[in-house]
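Report on one structure; see the data block that follows.
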Amino acid sequence: MAGRLAGKRILITQADDFMGPTFAEAFRAQGADVLEDRSDLTVPEAAAEAVAAAGDIDVLVANLAAPSDAAYAVKVSDERWNRLFDAMVHPLHRLVRAALPDMMARKSGKIIVVGSATGLKAAPGTAPYSAARSAQVGYVRSVGVEAARFNVQVNLIAQHFVENPEYFSEEFQQTDAFKQLLAEVPAGRLARPEEDAALAVFLASDESDFFVGQAIPFSGGWAQ
C-alpha cells in the first residue's frame, strides 16, 4: 500500500487509550504495519516484553496516559505522586531502553512520545502531573541528542486541548470549568484528533529526520 509510511512497522503502546486509536488509524492510512500493545506498563518487565514481542520496528510510539489527578502540591501524597511517575515516566525509559539499541545498530528509527504541554507551561493545581510530563520532556531532549548521531530521531508531541475521552469527555465539555479552561486557548477550540495524528505521521515519516530531541507544542497557542 502506498503512503508516507509505506513499509514501516510501528509499535503503539496503550493502544486503546489517549491517542492510540486515532494514531493507529492514521498510520495505517499511510501504509504502515501497526502493532498495538495493551500491556500494563506499570509492571517493570512489560515494556521490554512488548518490544521483544513486536520484533523489528521502525517506529515506537510511547503513548502513555494517566488521569491528571489535579491537586495542589501540599495535598499530594507519596502514593499519588508515585502513581503518575509509574504510569508515564518509568515506562518511557524502559520502552526506550528496549527499543533504542536495535535502532542505533541499524542506524534508522523513530521514537515518538505522546506527551503534554503541561510539561512546558506552569499551571496551578497540576504539580504531580506536570512534574511527570516535564520529566518526559527532559528525558526526550537528552536521549534525542544521544540517538541523533545514529540517525534515530526521538521527539515528543507536547499536546493539550485535543479531543479525547481521557481528558476532555463530552460531559466535561458541558461544564463551566471547561469553558473557563478553553478561554485560555488562543485558538479558541479543542484540536481535532486527526490534526494531532497528522503531526504524528510527520514525525514517524522520513520527512522528520532533522528533528532531534524536540518537545513540539500542539496546544492552540497555549504553550509556546
Side-chain angles (χ1 to χ4, degrees), residues 1-15 18-37 50-51 54-65 92 95-96 98-117 119-120 133 136-164 187 190-224:
M1 180 179 180
R4 294 164 70 191
L5 304 178
K8 292 188 182 294
R9 286 170 53 82
I10 302 178
L11 173 62
I12 301 179
T13 66
Q14 271 188 261
F18 200 24
M19 302 309 300
T22 301
F23 282 12
E25 180 181 0
F27 293 151
R28 288 193 176 103
Q30 291 296 328
D33 179 11
V34 180
L35 310 169
E36 301 183 16
D37 180 71
V51 172
D56 291 337
I57 56 172
D58 300 290
V59 182
L60 167 65
V61 179
N63 178 52
L64 300 166
L92 174 58
L95 287 164
V96 171
L100 190 55
D102 184 61
M103 292 180 176
M104 291 193 300
R106 289 186 284 114
K107 290 187 167 49
S108 177
K110 310 276 186 183
I111 297 176
I112 304 168
V113 180
V114 186
S116 171
L120 301 177
R133 290 303 196 181
Q136 289 182 329
V137 170
Y139 185 82
V140 164
R141 285 174 173 164
S142 180
V143 177
V145 172
E146 294 174 10
R149 71 179 186 275
F150 297 95
N151 192 37
V152 178
Q153 292 78 45
V154 183
N155 293 290
L156 180 147
I157 301 175
Q159 66 180 59
H160 197 5
F161 304 108
V162 178
E163 292 178 3
N164 67 79
L190 295 181
R192 298 185 303 278
E194 57 269 26
E195 293 177 294
D196 198 0
L199 176 55
V201 167
F202 167 74
L203 290 175
S205 75
D206 295 338
E207 300 161 21
S208 64
D209 286 357
F210 208 60
F211 282 71
V212 172
Q214 299 294 298
I216 302 170
F218 184 79
S219 61
W222 182 78
Q224 302 294 327

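Numbers here are sequence positions counted from 1.
- Rounded to the nearest 0.5 angstrom, Trp222 CH2 and Leu120 CG are separated by 8.5 Å.
- You'll find the side chain of Leu156 stays beyond 4.5 Å of the side chain of Ile112, heavy atoms only.
- In this structure, the side chains of Phe202 and Arg4 come closer than 4.5 Å at one or more pairs of heavy atoms.
- A salt bridge is absent between Arg28 and Glu25; no separation between the charged side-chain nitrogens and carboxylate oxygens falls under 4.0 Å.
- No side-chain heavy atom of Phe27 sits less than 4.5 Å from a side-chain heavy atom of Lys8.
- Looking at Asn164, its side chain does come within 3.5 Å of a backbone N or O of Val162 through a donor-acceptor pair.
- Pairing each heavy atom of Gly115 with each of Gln136, the nearest pair is CA-OE1, 3.8 Å.
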So Leu64 and Val114, side-chain contact (heavy atoms from CB on, under 4.5 Å) or not? Walk me through it. CA-CA 7 Å; Leu64 300 166; Val114 186; over 6 Å; no
Evaluate side-chain contact (heavy atoms from CB on, under 4.5 Å) for Gln153 paired with Leu203, printing each intermediate quantity in order. CA-CA 9 Å; Gln153 292 78 45; Leu203 290 175; over 6 Å; no
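- Side chains of Asn63 and Gln14: a donor-acceptor N/O pair is absent below 3.5 angstrom, by distance only.
- Using a 4.0 Å cut-off between charged side-chain N and carboxylate O, Asp58 and Arg9 make no salt bridge.
- Here the side chains of Leu100 and Val143 are in contact, with some heavy-atom distance below 4.5 Å.
- Considering only heavy atoms from C-beta on, Lys110 stays 4.5 Å or farther from Ile10 through its side chain.
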Evaluation steps, side-chain contact (heavy atoms from CB on, under 4.5 Å), between Val59 and Leu11: CA-CA 6 Å; Val59 182; Leu11 173 62; over 6 Å; no
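- In this structure, Asn155 and Ser208 have side chains that are not in contact, with every pair of non-hydrogen atoms separated by 4.5 Å or more.
- Under the 4.5 Å side-chain criterion, counting only non-hydrogen atoms from C-beta, Phe161 is not in contact with Phe218.
- Taking CG from Leu199 and CE from Met19, the interatomic distance works out to 10.5 Å, rounded to the nearest 0.5 Å.
- Residues Ile157 and Ile216 fail the side-chain proximity criterion, which asks for heavy atoms closer than 4.5 Å.
- A salt bridge is absent between Glu146 and Arg141: the closest approach of a Lys/Arg side-chain nitrogen to an acidic carboxylate oxygen does not fall below 4.0 angstrom.
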